[in-house]
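Down below is the structure, laid out as structure tokens.
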Amino acid sequence: MSAWVTGANGFIGRHLVRELAGVGRTVHGVGHGALDPAEARALGLQTWINGEVDAANLSALAATHGLPSRIFHLAGGSSVGLSIARPFEDFSRTVTSTARLLEWLRSFAPESRLIVASSAAVYGADHAGPIAESAALAPMSPYGHHKLMMEQLCRSYAQSFGLRCTVVRLFSVYGPNLRKQLLWDICSRLSSEERSLNLGGTGAEIRDWTDVRDVVRLLVCAAEEVQQEDFRLINGGSGRGTSVAEIAGGLIRNWGSSTVVRYSGVARPGDPASLLADDGRLRDMNFDWRLPLERGLADYVEWFRSQARA
């Protein structure tokens, strides 16, 4: 059976392609970024289309390879900061691409199952402790608002046209090949041998950190679960909270550095104090998180240093 991945050239997308290929799926991808055929094959992609997620490109894939049994939709905006700097671009990448995909599925591939990567940013702030999928939604940034719009479109097409869709709200995904955000920033500065790191916020911000290698297993698991209802929501978090200060300390420890971290005390726009998943639905699925945080941080430091040596 074949699987298509939108955004297959992104951070999570590349890991997902490897996971799908590793379990015997034939994988085709569409999204942004140049990949020559040899690089695409090494990644696990049989086909790569560098372009928009639109009817023309989706129909081109179908004409050559037939309809997919599963579509993993990872294309979209990728950060709060960029959504604030360029909100219309974020809207186009997240909301418009999803609308195009759903309309194509309705018209040409209504039997294909859709698995969509959303974000815990839809929850917003003012949540204490684990957040259930049924919690009130109050996004704080264009990024979160656009992810919520994407979810609403998926729910609409499931209810109105019977498309089968699973939305997985991802929390703080990290791991090898992540070249942005907190871990990348800290390791970049450790590699420059800075003796003191000044970070925003208080350091007490709580996040649900999940290794990308576990996250892609979860996406594949969600795609294979028997789905009774047309639309399903799942929190893609572990239920274990870790502070930013603990993450910084773990990276410094694995680096073997004595660097000191100081915090400005000023929160970034769109940055909640706590985002922690209620993982009840994952426990019902018997999904297991295999990579503990300390190992994940050690692997990230090792990967970062290997890039510097390359």
Side-chain angles (χ1 to χ4, degrees), residues 2-17 19-20 25 27-32 52-54 57-58 61 67-79 83 90-106 108-123 133 137 139 143-171 173 210 212 215-225 227-237 277 281-282 285 287:
S2 70
W4 295 2
V5 180
T6 73
N9 196 29
F11 164 55
I12 299 175
R14 282 175 163 252
H15 283 276
L16 178 59
V17 168
E19 180 72 17
L20 288 166
R25 291 279 188 167
V27 190
H28 308 287
V30 58
H32 293 287
E52 297 291 337
V53 179
D54 60 19
N57 286 328
L58 296 170
L61 276 180
L67 297 175
S69 59
R70 304 288 188 273
I71 296 183
F72 296 85
H73 184 41
L74 275 60
S78 60
S79 81
S83 78
D90 190 84
F91 176 90
S92 298
R93 290 193 172 199
T94 300
V95 183
T96 303
S97 71
T98 302
R100 288 171 174 162
L101 174 60
L102 289 166
E103 184 61 13
W104 185 86
L105 285 170
R106 180 187 71 83
F108 301 107
E111 298 303 314
S112 298
R113 282 185 62 177
L114 178 63
I115 300 87
V116 177
S118 185
S119 169
V122 301
Y123 291 120
E133 290 89 348
L137 306 178
Y143 175 83
H145 280 288
H146 298 157
K147 293 296 186 185
L148 179 53
M149 292 178 195
M150 176 184 74
E151 291 186 8
Q152 291 168 332
L153 278 170
C154 291
R155 186 188 294 272
S156 170
Y157 271 74
Q159 292 177 344
S160 299
F161 306 112
L163 296 184
R164 292 178 300 160
C165 177
T166 298
V167 171
V168 183
R169 290 174 176 162
L170 301 179
F171 282 67
V173 184
T210 53
V212 67
V215 167
V216 296
R217 284 197 308 106
L218 169 58
L219 295 174
V220 174
C221 180
E224 299 308 319
E225 280 276 305
Q227 185 171 340
Q228 302 297 335
E229 63 275 25
D230 289 332
F231 182 80
R232 181 173 59 160
L233 274 173
I234 301 172
N235 272 339
R281 292 186 183 177
L282 290 194
M285 291 167 57
F287 180 79

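Just so you know, these numbers use all the heavy atoms, side chains as well, and skip hydrogens, waters and symmetry mates. Model, not experiment: these values are computed from the prediction. The chain is numbered in sequence order, starting from 1.
Within the model, atoms CG of D90 and OG of S78 stand 8.0 Å from one another, a figure rounded to the nearest 0.5 Å. Atom OG of S119 is separated from atom OH of Y143 by 4.0 Å, given to the nearest 0.5 angstrom. Here SG of C154 is found 5.5 Å from CG of L114. Values are rounded to the nearest 0.5 Å. The distance from the CZ atom of R70 to the CZ atom of R25 is 5.5 Å, given to the nearest 0.5 Å. To the nearest 0.5 Å, atoms CE (M285) and CG (L218) are separated by 5.5 Å. In this structure, F11 CZ and L74 CG are separated by 11.0 Å, a value rounded to the nearest 0.5 Å.
Ring geometry, Y157 versus F161: the interplanar angle falls from 30° to 60°, so the pair is classed tilted.
Under a 3.5 Å cut-off, the side chain of R232 and the backbone N or O of Q227 do not form any donor-acceptor pair. Judged by distance alone, with hydrogens and angles left aside, the side-chain atoms of R217 form no donor-acceptor pair with the main-chain N or O of E19 at under 3.5 Å. When atom types are taken as modelled, the side chain of T166 and the backbone of I115 share no donor-acceptor pair closer than 3.5 angstrom. Looking only at distances, a side-chain donor or acceptor of S112 sits under 3.5 Å from a matching main-chain atom of P68. A donor-acceptor pair is defined here as one N or O able to donate and one able to accept, closer than 3.5 Å; such a pair exists between the side chain of T6 and the backbone of A75. Checking side-chain atoms of E103 against main-chain N and O of R106 turns up no donor-acceptor pair under 3.5 Å.
Taking both residues in full, the closest heavy atoms of G236 and T210 are given as O-CG2, 4.1 Å, listed atom of the first, atom of the second, then distance. The two residues L282 and G237 make their nearest non-hydrogen contact at CD1-O, 3.5 Å. The heavy-atom pair separating A8 from V17 by the smallest distance is CB-CG2, 3.8 Å. In plain terms, the two heavy atoms of P139 and G144 that are nearest each other are CB-C, 3.5 Å. Looking at every heavy atom in both residues, L61 comes nearest to G29 through CD1-O, 4.4 Å.
A salt bridge links R281 and E133; the closest N-O separation between the charged side-chain nitrogens and carboxylate oxygens is under 4.0 Å. For R164 and E229, the salt-bridge test fails: no basic side-chain N is under 4.0 Å from an acidic carboxylate O.
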TODO: Report the C-alpha separation of I71 and R113 in whole Å, then their side-chain angles, then the decisive distance to 0.1 Å, and conclude whether the side-chain contact (heavy atoms from CB on, under 4.5 Å) test is met.
DONE: CA-CA 6 Å; I71 296 183; R113 282 185 62 177; over 6 Å; no
Open item on the list: Set out, in order, the CA-CA distance, both residues' side-chain angles and the distance that settles side-chain contact (heavy atoms from CB on, under 4.5 Å) for E151 and V116, then state yes or no.
Closed with: CA-CA 8 Å; E151 291 186 8; V116 177; over 6 Å; no
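Residues N235 and Y123 form a side-chain contact, since some pair of their non-hydrogen atoms from C-beta on lies under 4.5 Å apart. Counting only heavy atoms from C-beta outward, the side chains of R14 and N9 approach each other to under 4.5 Å. At least one side-chain heavy atom of L170 sits under 4.5 Å from a side-chain heavy atom of I12. Put simply, the side chain of W4 reaches to within 4.5 Å of the side chain of L58, judged on heavy atoms. For the pair V167 and R155, the minimum side-chain heavy-atom distance is 4.5 Å or more. For the pair V27 and V5, the minimum side-chain heavy-atom distance is below 4.5 Å. When side chains are defined from C-beta on, L163 counts as touching P110, because their heavy atoms get closer than 4.5 Å. The closest side-chain heavy-atom distance from D230 to Q159 is not below 4.5 Å.
Counting only residues at least two apart or in different chains, side chain to side chain donor-acceptor pair (under 3.5 Å) contacts with residues 91-102 comprise H73-T98.
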